[in-house]
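We count residues from 1, following the sequence as given.
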Amino acid sequence: SSPPSSSSCIPNFEICGSIFLPTKKLIAQQKFRPWNGVFLSNEFLSSTACARSIVLQMMRIYNKFGCEILIEAPGVRNEKDWLIVESLLMDRDDDDDGGNDEVVLQPKKKNVETKEKNASKRRKANPTSLTTPISKKNAGGGGGGVAAATTPNNNFRPTFPPTSVPIPTLQKTAIVLFHSHDVRVHDNVALQLASYHRRVIPVFLWSRAEQGRWGVTGCLEVILKDALRHLETKLERHDLKLICREGNDSSHMLRRICEEYDDDGIGAVYWNKEHTTESRIREERYRATLTDIKVKFVESQSSLLYDPMDVSLSSGFRGGHWGTLMPFLKGCKKQCGEPRVPISRADTFSMLERMVAPNKSNDDNWPVASTPIDELDMAVIRGKDKWDASILERFRMSEEDALKDMDQFFSFQKGKDGSGGGFAKYEQERSRADLEGSTSKLSAHLRIGTLSPNELYYRTEGMSLVDLESKTFSRRLFWRDLAYFHLRSFPEMRDKSIRLHYEDTKWCSKEEEEERYNAWRTGRTGFPLVDAGMRELYATGWMTQSIRMVVASFLVEYLRVNWVKGCEWFHYTLVDADSAINPMMWQNAGRSGIDQWNFILSPVAASQDATGEYTRKWVPELSKLQNSVLHEPWKAPAQVLQNAGVVLGENYPKRIVPDIKAERVKSAEAVLEMRRRNQQFNTDRGYDLIRLPDGEQTVVFTKKEFRIDQQGRVMKEVPRNKSSQGKSSSGGRGRRGKAAQKKILRQKAAAKS
């Protein structure tokens, strides 16, 4: 007999998709005691509104694939539950592309005309999933009749079309530009605003020539390229194509794309400001180009909590010196309110599903030419050493990975690799390089933009720890914003002292500098903790903040090498190289910044590596040494070194500077001599004066050992007045006082619990 036909072999079955009813009771149950085998995201459990939005998107996906809906236990128990089901079905069908009674195993091809019709209807009516109106606070007009707008810095969501773009323009196609700081779709303000147009073209423009000295280079290129690959894949899931172009001038590339698209013309171009010295030049060229070709543009703010242009600080001491954290933090909240609240991830998914790409299937000219991401002149690794492999293994730059890393950090449970639970112990263990999970490692995601700073801010604010125990991490994002405020105020701060007279500081000789810098850069200084940090940096593009500070302090204070050299090397080798944050740290380490360090980190005390595991990992030639001499091997008896297989000067270098105390004396004296030569920048209390962008002078913090009087003598500490002499030392502002305050607060928290 003949074999059965292939069609008769296909079993007759139906596919079902399950949902939970988004009720308060379910959320409360799952928060208190999650069921085995059930995973509900933090966003789902955050509120019934978020849960409902997620369930609704699932129902639309099931309907698109022809799946029946199965309601999971506890199911529909009463009339109220049934009303929730009816409401969900009505909302699903109101935004559906059409039903399908047949069971299908492959997704249906989207009907672009129907999708455009739904998108047009959404533009005319107020969206239901996004409810907070946009503010007009920062809206402005562009030249030549071309409108420009900026999104607000208060906690409004950019949910309605930008007020500066006329409704007829929304019927045209929009271009949304992605850059090296906003490679994501979730909580991307420019993308959200562009989504109200009839069609949307995502674009990435790459110009190596525009990167200059402080743009995207080195390790940063590696993770940017990886993030772009993931962005392209994510957009393709929603039938959106990322157009990539490269050349010398991004404004010329932008003009050409606008001119190539000849269907109904480009209505507007959207982008998020990057807030760097170079990006302001690039964005000005964008504005001039678009004004010239009569295309509207909308600039948004999506990479920081606040736009640095919207914050101003008064000179003088106001709860802190000008440009330090607390005056800045208070100024931000007073002048701009709380940071913008991000939209939910379910709303982002809904937005992407509704967005429509240009439909030019009958026109060979569309999509326009696009350079494949892997063919961009970016992170091109030549030679046998594939040094990018270890970076890509450690830092996976998708939005999903960013969310996973954030969830692990805030989780109270450790993963198999030791990660997780970092937030709960951050206050006590953040300086420990030898403990896995002691820091968040989210800085690379924030730098590239695969994670929204606003989402991280509100995730931090939502944690239930006592404020005292979480304040350090919660302020990290404000430190980040502060760095960009400094860069806005001092555009040359990457390689020029903010305290301009510190340019007159004498460093080591040129011959010493070359030898010392090369030893530091390659992890061959003879100081194990410093070498461990520099080797980790070169191998992985990463160091914890505490180790960064150790190696920076060592280069400046003990090797007496100009801080700019360290800043340049960090910018090339760090995966999270940030041209505002990195120089702010190096300026302060080099004493020329706004908030010069009031401490010196020892290269041998090694509190950052109490177990010694960190040093043993990155300096394996010393791995057999015991802890007592691990960070000072020159103090080890000859027999101990011999037993450990260590020969100083052969398999591990001798110290590049044998007497660090003498080097430190020379370093301090160089600063004092410089200050004596520049008395015009010295106050009668021995503090430095700097000139602000508006021409006004202000006092900045100056370390006690560098304060001199008008005759150039080091000032003695002014004794406290009698009224303060009888007070307990625990009530002051020093370390003892803070420790006592922490103890009291912990006791109060324990009593409440």
Side-chain angles (χ1 to χ4, degrees), residues 324 430-434 439 479 483 493-494 497-499 502 505-508 512-513 515-538 542-571 573-574 581-610 614-615 618-619 631-632 655-672 674 700-706 735:
T324 54
R430 65 184 184 277
S431 66
R432 295 287 298 275
D434 58 335
T439 59
W479 276 110
M493 65 178 272
R494 278 85 64 91
S497 300
I498 292 176
R499 308 184 192 207
Y502 278 59
T505 303
K506 181 181 178 181
W507 302 95
C508 65
E512 289 175 321
E513 180 185 85
E515 181 186 9
R516 294 179 178 192
Y517 172 68
N518 286 333
W520 175 83
R521 181 173 59 86
T522 57
R524 303 284 297 171
T525 67
F527 290 84
L529 184 61
V530 174
D531 292 342
M534 297 308 293
R535 293 182 190 186
E536 181 190 24
L537 173 63
Y538 190 76
W542 172 261
M543 280 190 289
T544 65
Q545 178 69 14
S546 61
I547 298 296
R548 295 183 198 198
M549 295 170 75
V550 168
V551 301
S553 183
F554 184 75
L555 183 71
V556 173
E557 297 285 359
Y558 298 113
L559 299 188
R560 297 187 291 117
V561 173
N562 194 321
W563 63 267
V564 177
K565 299 280 287 184
C567 188
E568 288 177 324
W569 183 245
F570 266 36
H571 188 77
T573 52
L574 282 171
I581 301 170
N582 184 42
M584 181 176 75
M585 184 203 80
W586 277 102
Q587 285 262 8
N588 290 335
R591 303 168 295 244
S592 58
I594 294 296
D595 195 13
Q596 63 179 213
W597 287 354
N598 195 24
F599 52 84
I600 299 173
L601 291 170
S602 169
V604 295
S607 61
Q608 302 82 3
D609 184 27
Y614 177 74
T615 298
W618 294 106
V619 189
H631 299 105
E632 298 177 278
R655 290 170 287 171
I656 190 70
V657 285
D659 191 344
I660 58 174
K661 290 184 178 180
E663 292 293 330
R664 173 67 184 96
V665 171
K666 293 178 184 178
S667 180
E669 188 58 34
V671 176
L672 289 170
M674 174 273 300
V700 287
F701 172 77
T702 306
K703 196 173 180 181
K704 185 169 66 174
E705 67 174 311
F706 299 142
R735 289 188 177 184

From CA spacing to verdict: side-chain contact (heavy atoms from CB on, under 4.5 Å), Gln608, Met549: CA-CA 11 Å; Gln608 302 82 3; Met549 295 170 75; over 6 Å; no
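- Taking every heavy atom of both residues into account, Ala670 and Lys506 meet most closely at CB-O, 3.4 Å.
- Distance alone, capped at 3.5 Å, is enough to place a donor-acceptor pair between the Arg499 side chain and the Gly593 backbone.
- Closest approach of Pro528 to Thr615, counting heavy atoms only: CB-CG2, 3.8 Å.
- Using a 4.5 Å heavy-atom threshold, the side chains of Met493 and Met584 count as touching.
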Tell me which donor-acceptor pairs under 3.5 Å the side chains of residues 595-606 have, and how far apart each pair is, sequence neighbours excluded?
unit_1, atom_1, unit_2, atom_2, d
Gln596, OE1, Lys703, N, 2.6
Gln596, NE2, Arg591, O, 2.7
Ser602, OG, Val604, N, 3.1
Ser602, OG, Ala605, N, 3.0

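- A distance of 13.0 Å separates CZ of Phe554 from CD1 of Ile547, quoted to the nearest 0.5 Å.
- Considering only heavy atoms from C-beta on, Phe527 stays 4.5 Å or farther from Trp520 through its side chain.
- Here the CG-CG distance, from Leu555 to Asn562, works out to 9.0 Å after rounding to the nearest 0.5 Å.
- By the 30° and 60° cut-offs, the orientation of the rings of Tyr538 relative to Trp569 is parallel.
- Between Arg524 and Arg535 there is a side-chain heavy-atom pair separated by less than 4.5 Å.
- Between Trp586 atom CH2 and Cys567 atom SG the span is 7.5 Å, to the nearest 0.5 Å.
- The two atoms that bring Thr522 and Asn518 nearest to each other are OG1-O, 2.7 Å, heavy atoms only.
- Nearest heavy-atom pair, Arg516 versus Leu559, reported as atom, atom and distance to 0.1 Å: NH1-O, 2.8 Å.
- Considering OG1 of Thr544 and CZ of Arg432, their distance stands at 11.0 Å, rounded to 0.5 Å.
- Residue Val530 comes nearest to Val551 through the heavy atom pair O-CG1, 3.9 Å, listed as atom of the first residue, atom of the second, then distance.
- A heavy-atom distance below 4.5 Å is not found between the side chains of Ile656 and Tyr558.
- Residues Arg521 and Lys565 fail the side-chain proximity criterion, which asks for heavy atoms closer than 4.5 Å.
- Distance check: Thr505 OG1 to Leu672 CG gives 10.5 Å after rounding to the nearest 0.5 Å.
- For Leu537 against Met543, the heavy-atom pair with the smallest separation is CD2-CE, 3.9 Å.
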Trp542/Arg548 under side-chain contact (heavy atoms from CB on, under 4.5 Å): CA gap, chis, key distance, verdict: CA-CA 9 Å; Trp542 172 261; Arg548 295 183 198 198; 3.3 Å; yes
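- Atom CZ in Phe570 sits 13.5 Å away from atom CH2 in Trp563 (nearest 0.5 Å).
- A heavy-atom distance below 4.5 Å is not found between the side chains of Trp479 and Ile581.
- The backbone N or O of Val657 lies less than 3.5 Å from no partner atom in the side chain of Glu663, so there is not a single donor-acceptor pair.
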